[in-house]
Amino acid sequence: MSLVKITSALTLALLIAAGCTVRPIGTSRTSPTASAKASPTAVVPIPVVSPAPVAAGTFDPAHVVQVLGPAVAELIVRQNGGGGGIGSGFVIAHDSAASYLVTNNHVVANASKVIVLMADGRHFTATVQGTDPIQDIAVVKVSDASLPPAQFGDSTKLKVGQQVVAIGSPLGNQASVTSGIISALHRTITAGAGGAAEDLPDVMQTDAAINPGNSGGPLADAEGNVIGVNTATNAAAQGIGYAIPSLIAKRIAQDLIAGRKPGHPYMGVCYQSEDSFLAGGKDVAGYGVLVTAALAGTPAAKAGLKAGDLIEKVDDLELNNGQTLGGAIQPHAPGDTVQLSVLRGGSATTLSLTLADRSTASASASCPATP
């Protein structure tokens, strides 16, 4: 499987290699370094509303465009050393002198110049306020406080089958609109370019058509609330794209705007998903993810997780029907404590695990090969 970051390159298409079936939650890979402005910036709060329910015969993409379209921008990027690309973004907040837009980190990575082109024809030279390669989120700033902001929806309230709209600039075609449904929640993917991989442990899957140039644009519910940030598509499939959930994007963006380095929850556990261990011939009672290792010195080891444990729940979230371990911990911040429901040797037990920050992961730690 190949995952493609969906920046429309002016000179080079970016092809992405997929990950394997055993995925550590923040372990051996040396984490990219997030960057943010050193001094805090006072910005109005970014509110969140509940997403519109699954539409019953009343879904109107034109209404979504009317509500959200004015906040969506095309990003024209020139890169250091030549070349460039086109991506998308959307306004999320403003202060007395500037507006702030969310996009993908890979859209503005290595940028020497970023031009923001709004739907009404206004254009601005933007500065990169901060970047987070770990979650592939960035914020850019323009010196105009009048840009209309989008409204975030609550991605924890989404349902599979919910109708959605994607807005962006695929292949440089500004303000293009596609519609579809949420095909799945809480997928885990590995995407990267130029040899640098990014593990995205909680993304939603959609069949709304997204193409190169849609990167950083919004995925919206029936009322025009942003419930995801489009980030990648599967080059080996038809109609499969991925978006970063809105609450993750909002948390990262608020830290970047305020000049803070975003935190990332970390367990230090290696595991196989249920379909992987069943396909490998293991007939394990129960459901969930099968622990293959708890890396020494990590929250997983300190909590008492062991190889052979089957994690069935994180708090009250059951790890079945597509729910993933990465997706279950992403709404939490480092320092939060979660309760793991574990099946060990046929007996149920509950373990308390306090999440660390991914930056504490040892570069020498590694997961065992798939059994």
Please identify each residue that fulfils side-chain contact (heavy atoms from CB on, under 4.5 Å) with [X], with sequence neighbours left out.
{"X": "L317", "answer": "Q323, A328"}
{"X": "A175", "answer": "none"}
{"X": "K302", "answer": "none"}

## Note on the structure
Separation between CG (D202) and CD1 (I248), nearest 0.5 Å, reads 4.5 Å
#### Entry: Rounded distance [0.5 Å steps], OG1 in T156 versus NE2 in H186
8.5 Å
Sequence-distant partners of [X], salt bridge (Lys or Arg N to Asp or Glu O under 4.0 Å), two or more places apart:
{"X": "K306", "value": "none"}
{"X": "D154", "value": "K157"}
{"X": "D144", "value": "R122"}

Which residue pairs satisfy the salt bridge (Lys or Arg N to Asp or Glu O under 4.0 Å) criterion with at least one member in [range], sequence neighbours excluded?
{"range": "residues 315-332", "answer": "none"}
{"range": "residues 283-295", "answer": "none"}
{"range": "residues 339-353", "answer": "D309-R344"}

What is the minimum heavy-atom distance between [X] and [Y], and which atoms define it?
{"X": "M118", "Y": "P70", "value": "CE-O, 3.3 Å"}
{"X": "A307", "Y": "T292", "value": "CB-O, 3.5 Å"}
{"X": "G180", "Y": "D207", "value": "CA-OD1, 3.3 Å"}

Between [X] (side chain only) and [Y] (backbone N and O only), is there a donor and an acceptor less than 3.5 Å apart?
{"X": "S169", "Y": "G213", "result": "no"}
{"X": "T178", "Y": "A209", "result": "yes"}
{"X": "D255", "Y": "R260", "result": "no"}
{"X": "S215", "Y": "G87", "result": "no"}
{"X": "N105", "Y": "A138", "result": "no"}

### Message
The test is side chain to side chain contact (heavy atoms under 4.5 Å, CB included); show your working for T206 and I182 and say whether it passes.
### Response
CA-CA 5 Å; T206 179; I182 295 174; 5.6 Å; no
### Query
According to a 4.5 Å side-chain heavy-atom criterion applied to Ile, Leu, Val, Met, Phe, Trp and Tyr, with indirect links allowed, do Y287 and V342 form part of one hydrophobic cluster?
no
### Query
In chain order, what residues pass the side chain to side chain donor-acceptor pair (under 3.5 Å) check against T360, with sequence neighbours excluded?
none
### Query
Quick one: side chain to side chain donor-acceptor pair (under 3.5 Å) partners of Q66, sequence neighbours excluded?
none
### Query
With ILVMFWY side chains joined below 4.5 Å, transitively, what does L278's cluster contain besides itself?
F277, V284, L290, L310, L343
### Residue that, paired with L75, satisfies side chain to side chain contact (heavy atoms under 4.5 Å, CB included) out of V107, I115, L117
V107
### Task
With the side chain counted from C-beta on, respond yes when Q162 and I227 share a heavy-atom pair under 4.5 Å apart, and no when they do not.
no
### Query
If we only count heavy atoms from C-beta on, is the L325 to Y271 side-chain gap below 4.5 Å?
yes
#### Entry: Exercise: do Q151 and E223 side chains pair donor with acceptor under 3.5 Å
no
